[in-house]
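Please read the structure below before turning to the comments.
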Amino acid sequence: MPEFQKIEQKELMENPSALSVNPFEMIVKQWYLITGGTLDHYNTMTAGWGTMGIFWGKPVVNVFIRPQRYTFEFVEAGELFTLSFFDESYRAALNFCGSRSGRDYDKAKECGLTPRDFDGAVGFAEAQTVFVCRKVYSYDIKPEEMIDPAIEKWYPSHDYHRCYFAEILGVYQKEK
Ligand SMILES: Cc1cc2nc3c(=O)[nH]c(=O)nc-3n(C[C@H](O)[C@H](O)[C@H](O)COP(=O)(O)O)c2cc1C
């Protein structure tokens, strides 16, 4: 298996071209796993929404997690989490991790994924790209603050996402 090359946050700020990603392609089409916790006790789930950019002078991601997800507990409790992006051959794994709960399954085992330490956070050895992220801010979507009422349609069960701003501490990438 090819090894990861690491891009540090500093390098990402000084030379953004070091990271050649298309966030729309990666998030909307490819999807990814959000993983919180430690190697002893972690959980992972598929996400298909999210944002990447710059805020408070740092490269950041935003991820959006509904409170009933088991992963929510891990992301809430820890300072770090990862985003793991895979090539298309892992589509079935992403479907599994996005439709079953870690409360009922050992998802990594079921999907043949190998959890691995990434600077104190947990990601997966089979990933193509892993973002190591540190939470800096969170807020909940509130119905009374919706400017466009049309977005309420995403919440028939009133399970409003919690949004996490997290700085990107580093990005691990494999040669394609
Ligand atoms: C393509 C796809 C994208 C998803 N995106 C999100 C998301 O952005 N936020 C979220 O809370 N759930 C999302 N989900 C649902 C969770 O992945 C799913 O509920 C999962 O089973 C939660 O697992 P857990 O209980 O082990 O955390 C998505 C599911 C799929 C299939």
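The model shown is predicted, which means the values in this text are computed figures rather than measured ones. Hydrogens, waters and symmetry mates play no part in the numbers below; they use all other heavy atoms, side chains included. Order of appearance sets the numbers: ligands from 1, and atoms from 1 within every ligand.
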Nearest neighbour in protein (non-hydrogen) for atom 3 (C) of ligand 1: G48 N, 3.2 Å

Residue and atom name of the nearest protein heavy atom (relative to atom 25 (O) of ligand 1), distance in Å to one decimal: S101 OG, 2.7 Å

Proximal ligand 1 atoms for A47, defined as those under 4.0 Å from one of its heavy atoms: 3 (C), 4 (C), 5 (N), 6 (C), 8 (O)

Structural part of N95 in contact with ligand 1, heavy atom criterion under 4.0 angstrom: neither

Atoms of ligand 1 close to R66 [distance to a heavy atom under 4.0 angstrom, numbered from 1]: 11 (O)

Atoms of ligand 1 close to G102 [distance to a heavy atom under 4.0 angstrom, numbered from 1]: 24 (P), 26 (O)

Under 4.0 Å to a heavy atom of K107 - the qualifying atoms of ligand 1, by number: 23 (O), 24 (P), 26 (O)

Atom 10 (C) of ligand 1: the protein heavy-atom neighbour that sits closest, reported with distance to 0.1 Å: M45 CE, 3.3 Å

Minimum-distance protein heavy atom relative to atom 18 (C) of ligand 1: G98 O, 3.3 Å

Mutual orientation of the aromatic rings belonging to W154 and W49 [parallel < 30°, tilted 30-60°, perpendicular > 60°]: perpendicular

Numbered atoms and elements of ligand 1 in range of C97, under 4.0 angstrom, heavy atoms: 17 (O), 20 (C), 21 (O)

For atom 15 (C) of ligand 1, closest protein heavy-atom neighbour: R69 NH2, 3.5 Å

Sub-6.0 Å ring centroid separation between Y137 and F55: no

Heavy-atom donor-acceptor pair, E126 side chain to T114 backbone, under 3.5 Å: yes

Ring geometry between F74 and H41 (parallel below 30°, tilted from 30 to 60°, perpendicular above 60°): tilted

Contacting atoms of ligand 1, where contact means under 4.0 angstrom from a heavy atom of I65: 11 (O)

Sub-4.5 Å side-chain heavy-atom contact between I54 and M13: yes

Per-atom contacts of ligand 1 with Y70, taking only distances under 4.0 Å to non-hydrogen atoms: 24 (P), 25 (O), 26 (O), 27 (O)

Centroid-centroid under 6.0 Å between Y90 and F124 rings: no

For atom 28 (C) of ligand 1, the protein heavy atom that lies nearest, with its residue and separation: T46 O, 3.3 Å

G50 to ligand 1, any heavy atom closer than 4.0 Å: no

F131/F85 aromatic ring centres below 6.0 Å: yes

Under-4.0 Å salt bridge between R162 and E76: yes

Ring geometry between H161 and F64 (parallel below 30°, tilted from 30 to 60°, perpendicular above 60°): perpendicular

Numbering as shown, the atoms of ligand 1 that approach S99 to under 4.0 Å (heavy-atom distance): 21 (O)

Side chain, backbone, both or neither: W31 near ligand 1, heavy atoms under 4.0 Å: side chain

Partner of Q128 by side chain to side chain contact (heavy atoms under 4.5 Å, CB included), out of M26, K174, Q173, E88: K174

Residue and atom name of the nearest protein heavy atom (relative to atom 27 (O) of ligand 1), distance in Å to one decimal: T71 OG1, 2.6 Å

Parallel, tilted or perpendicular, as decided by the 30° and 60° cut-offs, for the rings of Y164 and F81: perpendicular

Nearest heavy atoms of V60 and E167, plus distance in Å: CG1-CA, 4.1 Å

Atom 9 (N) of ligand 1: nearest protein contact (heavy atom, Å): F64 O, 2.8 Å

